[in-house]
Every structure is written in structure tokens, then in C-alpha cells.
Chemist: 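I have a structure I would like to understand better, so I am pasting it below and will then ask my questions one at a time.
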Amino acid sequence: MGDGVVGERRQLINVAYRLLGSLAEAEDAVQEAYARWYALPPSRRDEIASPGAWLTTVTGRVCLDVLGSARARRERYVGAWLPDPLPGRAGRPHGTSGDLADQLVLDESVTMAFLVVLETMTPAERVAFVLHDVFRYPFAEVAGVLDRTPAACKQLAASARRRVRTGAPAPAGGQAETVRRVKEAWEAKDIAALVDLLDPAAVMTADGGGLAGAALRPVEGGPHIARYMAGIAEKAPGLELLERPVNGTPGLVARRVGTVLTVAAFDLAADGRVARVWVIRNPEKLRVWAGDGAPSPR
């Protein structure tokens with residue numbers, strides 16, 4: 001039975017990425033769960049009726065520990081911390097990181113907007129919500145991960161749900177068209193056009209991790225963001241902007257001489273204007289994008 005557990009890896013990676021927002025940390029958590037599985041005596045492994053459930057429980061517990069220690073690490077992080085952006089299938093290179101990203105199911109539970117809301121939850125809320133609401137694990141199993149009663153886990157998930165309702169903006173159609181217009185206005189350094197496309201109360205958050213230039217605090221207000229974007233375009237001749245899916249929704253990638261330097265994800269307000277912009281520039285978070293040499297879509 002021990003070897004049959006390898007097929008669980010994809011599900012575990014999907015759970016761990018949603019719990020942690022980091023590809024490297026998700027992979028480490030899953031590797032740790034497998035290490036613990038193979039460290040069991042064969043007789044003990046044979047006794048486990050559902051290896052998949054056992055591995056999910058262990059992965060969940062490892063992620064819970066990582067989330068607890070991540071709070072302190074993120075306080076020391078330079079500027080804002082954002083989840084790792086995921087490329088669409090076409091933009092993925094061949095190799096380890098591409099294979100890892102290929103394991104991920106791109107649905108509404110990995111959009112940047114959703115992952116950013118997950119970041120506002122306590123570790124226990126996040127685990128209860130992701131396992132129960134996203135992956136449909138019963139509260140009896142969630143209780144085994146969190147070492148709490150099923151009733152307590154139910155309360156944690158309900159509290160997390162309230163955060164999702166207040167934190168996640170209303171879904172808006174037409175994102176691809178809006179992102180295309182943002183790209184054109186950005187390339188033209190047309191501040192007036194950018195202001196028209198941005199919600200007056202829009203917020204832009206950038207993650208450079210201290211390794212790439214990025215605004216250390218969120219840029220607030222459509223006009224300020226428009227001027228900031230135009231300033232970046234001014235300072236970066238030769239930058240190529242490409243429309244690419246980011247975490248399953250239309251986004252933009254900035255590339256220079258074939259190297260991806262920036263990935264931008266967007267969220268729209270109910271009126272179709274851009275309400276949130278998330279800009280990831282930390283090169284460590286862009287490794288999975290290294291093979292985005294695909295031609296621009298016509």
C-alpha cells in the first residue's frame with residue numbers, strides 16, 4: 001500500500017498551496033508529510049485504512065506550524081508579502097517548478113484576490129476553511145488536523161467565511177478587456193486613460209521582497225496609481241508587456257530581453273473598473289515564470 005500514496009501528491013500540493021500561498025513552502029510541507037509516512041514501520045502503514053486521509057492530516061498539521069511561524073517571518077519581510085503568482089499552462093517552463101505549478105488546479109480558490117483574503121485569517125481559520133469549504137473534508141477530519149472538536153472547527157470555518165464575504169470584492173466580468181485596456185494605456189503612458197480605468201479608491205500593493213524595487217507601502221487612489229505606473233514605464237525602456245493569466249484570471253507580465261521581471265494581478269470593482277492591483281517583483285517568486293517565452297497572443 002505504501003507505494004500507492006504517490007498518487008496523492010497532486011491533491012496535497014493543491015491543499016498546501018492554498019494554505020500557504022507559497023509554492024516552495026507547499027512543496028516542503030508535502031515532502032515532510034511523505035517523509036513521515038515512509039518513516040512509519042511497514043506494519044503501521046498497513047494498518048492505515050486511508051493513506052490519503054493520513055497524508056492530508058499530516059500535511060495540514062505541517063502547514064499549520066508553517067503558518068504560525070510565517071507571521072513572524074512576514075513581519076521581517078521587506079515591504080508587503082504577496083502569494084506566489086501562478087502562470088497559466090502555456091507560460092510554464094519544463095522542469096521542477098513548472099511541474100509543480102502544473103499540479104495546481106486553477107479555480108476561484110487560487111485567484112490572487114481570494115489568496116489575499118486567506119492571508120487575513122488566523123492559521124486555524126485558514127486550515128478549517130480551506131479543508132472544509134474548498135476541499136469538502138468533513139469537520140471530523142478537520143478536527144484531527146487542528147486538534148479541536150468538530151464543533152470548534154465549524155465555528156472557525158464560519159468566522160473565515162465572514163472574512164471572505166467582507167474581503168472578497170464582487171465578481172466582475174470583462175476582466176480580459178479591462179486588462180487589455182490597462183496594458184495599452186500603460187504602454188502609451190496615458191495617465192488620463194489609466195485614471196479612467198482605475199476605481200478612484202483603487203489600491204496597488206507591490207511585493208519586491210527587498211530584492212527588486214517596489215513601493216514599500218500600498219499606493220492608494222486611482223490618480224496616484226496611474227502616475228506611479230506611468231513613472232515605471234518611463235524608467236523602463238524596452239519593457240515588453242504581455243497579457244497572461246495570473247492565478248487563473250487575466251493579468252499582465254512585464255518582460256525585458258526574455259526575462260520576466262514583474263507579474264501583475266487585478267481585481268475589478270462591480271462597475272468593471274480596477275479596484276486592486278497586486279504587483280509581484282520578488283525574483284524568488286517569479287522562478288516558475290522563467291520559461292514564459294511564449295509569443296504574445298495575436
Side-chain angles (χ1 to χ4, degrees), residues 1-73 83-84 86 96-110 114-115 117-119 121-161 164 247 288:
M1 184 177 270
D3 290 337
V5 298
V6 175
E8 300 289 337
R9 185 172 183 268
R10 178 175 185 161
Q11 172 80 346
L12 297 174
I13 286 286
N14 273 281
V15 169
Y17 172 73
R18 286 161 177 80
L19 286 177
L20 300 174
S22 159
L23 283 170
E25 288 179 352
E27 187 168 37
D28 287 347
V30 171
Q31 297 283 62
E32 173 64 20
Y34 274 109
R36 292 185 193 181
W37 169 262
Y38 288 114
L40 294 173
S43 59
R44 175 76 185 98
R45 290 206 297 265
D46 289 340
E47 288 168 6
I48 293 169
S50 173
W54 189 94
L55 283 164
T56 300
T57 298
V58 174
T59 300
R61 286 177 181 162
V62 171
C63 289
L64 189 63
D65 290 343
V66 173
L67 285 169
S69 63
R71 299 232 146 178
R73 278 186 288 120
D84 290 4
L86 297 175
T96 334
S97 57
D99 291 344
L100 179 64
D102 278 331
Q103 304 286 313
L104 288 153
V105 176
L106 300 174
D107 60 21
E108 62 279 0
S109 68
V110 293
F114 194 78
L115 291 174
V117 174
L118 292 181
E119 281 293 312
M121 298 177 183
T122 67
E125 282 175 343
R126 188 166 182 170
V127 170
F129 177 80
V130 168
L131 288 181
H132 179 267
D133 283 42
V134 178
F135 289 97
R136 302 295 172 205
Y137 287 99
F139 283 121
E141 285 185 33
V142 179
V145 176
L146 291 175
D147 198 19
R148 302 188 191 202
T149 64
C153 295
K154 202 170 181 177
Q155 286 183 323
L156 286 166
S159 166
R161 235 170 272 134
V164 171
N247 289 60
V288 74

Chemist: Nearest heavy-atom pair of Thr59 and Ala16: which atoms, and what distance?
Modeler: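 Residues Thr59 and Ala16, closest heavy atoms: CG2-CB, 4.2 Å.
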Chemist: Write down the atom of Leu146, the atom of Ala124, and the distance for their closest heavy-atom approach.
Modeler: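 Distance-wise, the nearest heavy atoms are CD1-O, 3.8 Å.
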Chemist: Can you confirm whether Asp147 is buried at CG, in the sense that more than 12 heavy atoms of other residues, nucleotides or ligands lie under 6.0 Å from that atom?
Modeler: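 Open: at most 12 neighbouring heavy atoms sit under 6.0 Å from CG of Asp147.
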Chemist: Between Glu125 and Arg161, is the closest basic N to carboxylate O distance under 4.0 Å?
Modeler: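 Answer for the salt bridge query: no.
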Chemist: Please check this pair: side chain of Arg10 against backbone of Val105, looking for a donor-acceptor N/O pair closer than 3.5 Å.
Modeler: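 No.
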Chemist: If every non-hydrogen atom of Leu67 is compared with every non-hydrogen atom of Pro123, which pair is closest and at what distance?
Modeler: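 Heavy atoms only, the tightest pair is CB-CB, 3.8 Å.
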Chemist: Could you tell me which non-hydrogen atom of Ile48 sits nearest to which non-hydrogen atom of Leu40, and how far apart they are?
Modeler: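 In terms of heavy atoms, the two residues are closest at CD1-CD1, 3.7 Å.
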Chemist: Drop me the distance from Leu118's CG to Arg18's CZ, to the nearest 0.5 angstrom.
Modeler: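 Nearest 0.5 Å value for the CG-CZ distance: 9.5 Å.
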Chemist: Is the backbone of Gln155 close enough, under 3.5 Å, to the side chain of Ser159 for a donor and an acceptor to pair up by distance?
Modeler: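 Not at all, since once roles are kept as given, no pair shorter than 3.5 Å links the two residues.
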Chemist: Report the distance from atom CD of Gln31 to atom CG of Leu12, rounding to the nearest 0.5 Å.
Modeler: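 One finds 10.5 Å between CD of Gln31 and CG of Leu12.
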Chemist: If you look at every heavy atom in Leu115 and Arg126, which pair is closest and at what distance?
Modeler: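 Scanning both residues completely, I find the closest heavy atoms to be O-NH2, 4.5 Å.
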Chemist: Find the distance between CG (Asn14) and CZ (Arg9) and round it off to the nearest 0.5 Å.
Modeler: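 Reported to 0.5 Å precision, the distance equals 10.5 Å.
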Chemist: Measuring from Arg44:CZ to Trp54:CH2, what's the distance to the nearest 0.5 Å?
Modeler: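 The CH2 atom of Trp54 is 8.0 Å from CZ of Arg44, to the nearest 0.5 Å.
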Chemist: Please state whether the rings of Tyr137 and Phe135 are parallel, tilted or perpendicular, taking 30° and 60° as the class boundaries.
Modeler: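 Tyr137 vs Phe135 ring planes: tilted.
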Chemist: Of all the heavy-atom pairs spanning Val5 and Tyr34, show the shortest one and how long it is.
Modeler: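 That would be O-OH, 2.6 Å.
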Chemist: I need the single residue from Leu20, Leu19, Asp28 that forms a side chain to side chain contact (heavy atoms under 4.5 Å, CB included) with Val66. Which is it?
Modeler: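 Only one option passes, and that is Leu20.
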Chemist: So Phe139 and His132, would you call those rings parallel, tilted or perpendicular, with 30° and 60° as cut-offs?
Modeler: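 Parallel, since the angle between the ring planes stays under 30°.
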Chemist: Please report the interatomic distance SG(Cys63) to CD(Glu32), rounded to the nearest 0.5 Å.
Modeler: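 So the gap between those two atoms works out to 11.0 Å.
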Chemist: Under 4.5 Å between any side-chain heavy atoms of Val127 and Leu156, yes or no?
Modeler: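 No, side chains not in contact.
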Chemist: Atom OG in Ser69, atom CD in Glu25: separation rounded to 0.5 Å?
Modeler: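 Result: 7.5 Å between the selected atoms.
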Chemist: Using a 4.5 Å cut-off on heavy atoms from C-beta on, say whether the side chain of Val142 contacts that of Lys154.
Modeler: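 A side-chain contact is absent here, since even the closest heavy-atom pair is not under 4.5 Å.
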Chemist: For a side chain to side chain contact (heavy atoms under 4.5 Å, CB included) check, start with the C-alpha distance between Asp84 and Val288, then their side-chain angles and the critical distance, and finish with the verdict.
Modeler: CA-CA 9 Å; Asp84 290 4; Val288 74; over 6 Å; no
